[in-house]
Engineer: 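The structure follows.
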Protein chains: 2
Amino acid sequence: MTSRPAASPVPAAPAAAAPAAATRSDAARNRGRLLDAAAGLIAERGSDVDVREIARRAEVGMGTLYRHFPTKEALLDAALEHVFTSWAAAASAALTGRAWPDLGRFLADALTRQTASPGLLDAYCQALPGQAGNTARQHCRQQVGPLIAELVRAAHESGELRPDITAEDVSLLLVALGRIAPVVPEPAWRRILHVTLDGLHTRAATPLPRPDRPL
Amino acid sequence: MTSRPAASPVPAAPAAAAPAAATRSDAARNRGRLLDAAAGLIAERGSDVDVREIARRAEVGMGTLYRHFPTKEALLDAALEHVFTSWAAAASAALTGRAWPDLGRFLADALTRQTASPGLLDAYCQALPGQAGNTARQHCRQQVGPLIAELVRAAHESGELRPDITAEDVSLLLVALGRIAPVVPEPAWRRILHVTLDGLHTRAATPLPRPDRPL
DNA sequence: ACCGAAGCGGAGCAGTTGCTCCGGTAGGGT
DNA sequence: ACCCTACCGGAGCAACTGCTCCGCTTCGGT
């Protein structure tokens, strides 16, 4: 950590999935454990996790943690990148080609995922006012952004998404709904999503799933 | 916290606006200063403020702070109650009697207010998973809840709000939008609000304010 | 003017956090 | 089988947090 020769402006994450050179097997295993533990704890409790707890759950010591990642933030960062990447992959694989249902399903799936990991968006939104260096957000944008853009383009083409809506609008709506999804019962946020989709549709106002019988 | 005799489930908030007995003038002044400082800091940075900083901004010492409020939480609580009360009063005074525009204006005003105080909703939503004792939320519900209920009732009666929407839905939407309003430029969240209102309207899909020219 | 008590302030305590240090351990090329 | 080296682990440091303690000040009734 004292004098790094040169390299890119991104210091950490040399290869999350490609150890490449001859790394010791236990080192690779511990790195993976740390990433999993960090991701799990972020999902459960948000991004203000105790490093000791990460190490404990990963069943490694503090020295190991800080050998693999220069700082807590770098660890969380790497974990988040992995999470966002796998989300984008799963969402992309779930597409059927029918634009409007795909959009709705993508949003519903994203919110379900968010329900299981309340802390994810917290990490994403953390330090938003200051911005400047929120890499979680950048990772999400890089991984999921193109997918949303494609969904929006296709839905525009099918004529069901009102033309004045941008991919940015959809991303924003997703973040907004994602902030409440984990803290209310699922039927509640499904109602909200339904209303939102109605607002997004060219011709709007379809009946809600079930107005008074929640499930 | 050891053994409370009986009393109501709300322990704190003896009298935020009614010192009643013969209180010393400086005490009352300092109490007000603490409330203002706390509210200001919560608005700016959310509910994880340093008590020392509250005391510093209020220009009082730590002893004074803890003389007036038994715990940090109690202080934040009292400050939040005051904030929510004045919000409800202002919003209630702004009503014109025309239901649908009133609802839209109420939401827009709430979001503007939220933009100026990003930390407010953080305090409101904090510890939501555990729930159990989030008094900020209770205060908001008590103060603002009836107002939203009335807005929804009137908008239903006017026939413009789709009948399957409940006051709970509107509250939830407000929270969701409030979570993003402070972190994006105002035109962006106004677009989102517009879409949402379209989704709430019986016959939907009116043109957005300005699709591509943000302001 | 006087005086008792309520009020004031900030140094200090205990707990928690992110991070470092260094003796011991075990991997893997030879 | 050997040994060098990268790696492991957890005790310890410094900074920060919420909160308490206690000597001094100031209010306000007489």
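Computed from a predicted structure; not experimentally measured. Computed from heavy atoms alone, side chains included, the values below leave out hydrogens, waters and symmetry copies. Convention: sequence-line order gives letters A, B, ...; per-chain numbering from 1.
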Engineer: Considering only residues two or more places apart or on different chains, which pairs with a residue in residues 103-115 of chain A satisfy salt bridge (Lys or Arg N to Asp or Glu O under 4.0 Å)?
Structural biologist: A:Asp102-A:Arg105

Engineer: For residues 172-184 of chain B, pull every pair meeting salt bridge (Lys or Arg N to Asp or Glu O under 4.0 Å), keeping only residues two or more places apart or in separate chains.
Structural biologist: B:Asp122-B:Arg179

Engineer: When the distance from CE of B:Met62 to P of D:dG18 is rounded to whole Å, what number comes out?
Structural biologist: 8 Å

Engineer: Sub-3.5 Å donor-acceptor pair from the side chain of B:Ser117 to the main-chain atoms of B:Gln114, do we have one?
Structural biologist: no

Engineer: Send over the distance from A:His68 NE2 to D:dC7 C1', rounded to a whole Å.
Structural biologist: 8 Å

Engineer: Is B:Thr64 near enough to C:dG7 that one of its side-chain N or O atoms lies under 4.0 angstrom from OP1 or OP2?
Structural biologist: no

Engineer: Through what angle, rounded to 10 degrees, does the axis of the helix from C:dA1-D:dT30 to C:dT30-D:dA1 turn between its ends, using five pairs per end?
Structural biologist: 20°

Engineer: Can a donor-acceptor pair be found, under 3.5 Å and without considering hydrogens, that links the side chain of B:Arg29 to the backbone of B:Arg24?
Structural biologist: no

Engineer: Please enumerate all residues that pass side-chain contact (heavy atoms from CB on, under 4.5 Å) together with A:Ala58, with sequence neighbours excluded.
Structural biologist: A:Arg33, A:Leu34, A:Ala37, A:Val60

Engineer: Ignoring backbone atoms, establish whether A:Asn30 has a side-chain N or O less than 4.0 Å from OP1 or OP2 of D:dC7.
Structural biologist: no

Engineer: Looking only at side-chain atoms of B:Asp26, point me to the closest of C:dG7, C:dG9, C:dC19.
Structural biologist: C:dG7

Engineer: Classify the angle between the aromatic ring planes of B:Phe84 and B:Tyr124 as parallel (below 30°), tilted (30 to 60°) or perpendicular (above 60°).
Structural biologist: perpendicular

Engineer: Nearest to the side chain of B:Tyr66, heavy atoms from C-beta on, is which of D:dC8, D:dG18, C:dG9?
Structural biologist: D:dG18

Engineer: Rounded to whole angstroms, how far apart are CG on A:Leu65 and P on D:dC7?
Structural biologist: 15 Å

Engineer: Closest heavy-atom contact between A:Thr71 and A:Tyr66?
Structural biologist: CA-CE2, 3.9 Å

Engineer: Between A:Ser25 and C:dG28, is there a contact of a side-chain N or O with OP1 or OP2 at under 4.0 Å?
Structural biologist: yes

Engineer: Ignoring hydrogens and geometry, is there a side-chain-to-backbone donor-acceptor pair from B:Asp169 to B:Thr166 under 3.5 Å?
Structural biologist: yes

Engineer: Atom CZ of A:Arg33 and atom P of D:dC8: how far apart are they, to the nearest Å?
Structural biologist: 11 Å

Engineer: Measure all distances between protein nitrogen or oxygen atoms and nitrogen or oxygen atoms of nucleotides 4-6 of chain D, and list the pairs falling under 3.5 Å.
Structural biologist:
from  : atom 1 : to      : atom 2 : distance (Å)
D:dA6 : N3     : A:Arg24 : NH1    : 3.1

Engineer: For residues 144-152 of chain B, please give each side-chain donor-acceptor pair under 3.5 Å, one per line with the distance, not counting sequence neighbours.
Structural biologist:
from     : atom 1 : to       : atom 2 : distance (Å)
B:Glu150 : OE1    : B:Arg153 : NE     : 3.1
B:Glu150 : OE2    : B:Arg153 : NH2    : 2.9

Engineer: To the nearest Å, how far apart are B:Arg29 CZ and C:dG7 C1'?
Structural biologist: 11 Å

Engineer: Between atom CG in B:Asp48 and atom C1' in D:dG18, what is the gap in whole Å?
Structural biologist: 13 Å

Engineer: For the pair made of CD in B:Glu53 and P in D:dG18, what is the distance, rounded to whole Å?
Structural biologist: 10 Å

Engineer: Measure distances between side-chain N and O atoms of B:Arg52 and base N and O atoms of C:dG9, and say whether any donor-acceptor pair falls under 3.5 Å.
Structural biologist: no

Engineer: Separation of B:Lys72 atom NZ from D:dT20 atom P, in whole Å?
Structural biologist: 14 Å

Engineer: Within a strict 4.5 Å, meaning less than it, do heavy atoms of the B:Phe106 and B:Val170 side chains meet?
Structural biologist: no

Engineer: Between D:dC8, C:dC8, D:dC19, spot the one nearest the side chain of B:Ala27, thanks.
Structural biologist: C:dC8

